[in-house]
Amino acid sequence: MKFVIDANVVVAGLRSPAGASARLLGLAVTGVFTPIMSVPFVLEYESVCCRSQHLSVSGLSANDVGEVVNALCGAGKEVVPHFQWRPQLRDPNDEMVLEAAVNGGADGLVTFNSGHFNGPAQRFGIVLMTPRDALKRIGP
């Protein structure tokens, strides 16, 4: 199973280690499913997760965040977008998320912002899900 994990899910996993997002990240790094990654996406993870408000709530350092991102990269499959489908979405920052899902043949896109992707994701056959939905799909 291959999922694209939106940056908001990674942030939630770091901020709340007992939640569904953190559990999903743990399953990713242990190889239960394959996270689909791209270089711009990884840079987005690091940029967003290292914002001071997220570091202060999580109690993590920028180095800690880097270790988590490196673990996700180690478990992930890098996708080099061969086709850019832009513009599809209102937020240009979300375009790389959708492109990774389409070019990587993802089984789903895990996000808390499904409204950002509605319409275009369905046109490409990409299933939108929350971390809880993804955990249900993965199973026990």
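When a residue number appears, it is its place in the shown sequence, counting from 1.
- Considering all non-hydrogen atoms of both residues, Pro131 and Val9 come closest at CG-CG1, 3.8 Å.
- Closest heavy-atom contact between Leu128 and Ser114: CD1-O, 3.6 Å.
- A pairwise comparison of heavy atoms in Ile5 and Pro35 identifies CD1-CB, 4.2 Å as the closest pair.
- The distance from the OH atom of Tyr45 to the SG atom of Cys73 is 8.5 Å, given to the nearest 0.5 Å.
- When hydrophobic clusters are built by joining Ile, Leu, Val, Met, Phe, Trp and Tyr residues whose side-chain heavy atoms come closer than 4.5 Å, directly or via intermediates, Met1 is grouped together with Val102.
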For a quick test of your reading: what N or O donor-acceptor pairs under 3.5 Å do the side chains of residues 16-30 make, sequence neighbours left out?
from	atom 1	to	atom 2	distance (Å)
Thr30	OG1	Gly26	O	3.0
Thr30	OG1	Leu27	O	3.2

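- Nearest approach of Ala75 to Thr34, heavy atoms of both residues: O-CG2, 4.0 Å.
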- request: Could you walk me through whether Leu14 and Val11 pass side chain to side chain contact (heavy atoms under 4.5 Å, CB included), step by step?
  value: CA-CA 5 Å; Leu14 296 177; Val11 167; 5.9 Å; no
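- In this structure, Val97 and Leu109 have side chains that are in contact, with non-hydrogen atoms separated by less than 4.5 Å.
- Annotation: side-chain contact (heavy atoms from CB on, under 4.5 Å) contacts of Glu46 (sequence neighbours excluded): Leu43, Val69.
- Annotation: side chain to side chain donor-acceptor pair (under 3.5 Å) contacts of Asp107 (sequence neighbours excluded): none.
- Note that CG of Leu98 is 9.0 Å distant from CG of Asn103, once rounded to the nearest 0.5 Å.
- Checked against side chain to side chain donor-acceptor pair (under 3.5 Å), Asn113 has no partners two or more places apart in sequence or in another chain.
- Every residue meeting the side-chain contact (heavy atoms from CB on, under 4.5 Å) condition with Ala100, not counting sequence neighbours, appears here in chain and number order: Val4, Ile36.
- The line from CZ of Phe41 to CG of Leu72 is 10.5 Å long, rounded to the nearest 0.5 Å.
- One finds the CZ atom of Arg132 at 8.5 Å from the CZ atom of Phe112 (value rounded to the nearest 0.5 Å).
- With sequence neighbours excluded, no residue forms a side chain to side chain donor-acceptor pair (under 3.5 Å) with Ser47.
- Side-chain contact check for Met37 versus Val79: every heavy-atom pair is 4.5 Å or farther apart.
- In terms of heavy atoms, Met129 sits closest to Arg137 at CE-NH1, 3.3 Å.
- Although no hydrogens or angles enter the test, the distance criterion places no donor-acceptor pair under 3.5 Å between the side chain of Asn70 and the main chain of Glu67.
- Applying the ring pair (Phe, Tyr, Trp, His ring centres under 6.0 Å) test to residues at least two apart or on different chains, the pairs with a partner in residues 1-30 are Phe3-Phe33.
- Expressed to the nearest 0.5 Å, how far OG of Ser38 lies from CD of Glu99 amounts to 8.5 Å.
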Just distance, no hydrogens or angles: give the donor-acceptor pairs under 3.5 Å from side chains in residues 55-65, sequence neighbours left out.
from	atom 1	to	atom 2	distance (Å)
Ser58	OG	His54	O	2.9
Ser58	OG	Leu55	O	3.3
Ser58	OG	Leu60	N	3.1
Ser61	OG	Asn63	N	3.3
Ser61	OG	Asp64	N	3.1
Ser61	OG	Asp64	OD2	3.2
Asp64	OD2	Ser61	N	2.9

- request: Report the C-alpha separation of Thr111 and Asn8 in whole Å, then their side-chain angles, then the decisive distance to 0.1 Å, and conclude whether the side chain to side chain contact (heavy atoms under 4.5 Å, CB included) test is met.
  value: CA-CA 7 Å; Thr111 184; Asn8 58 50; 3.2 Å; yes
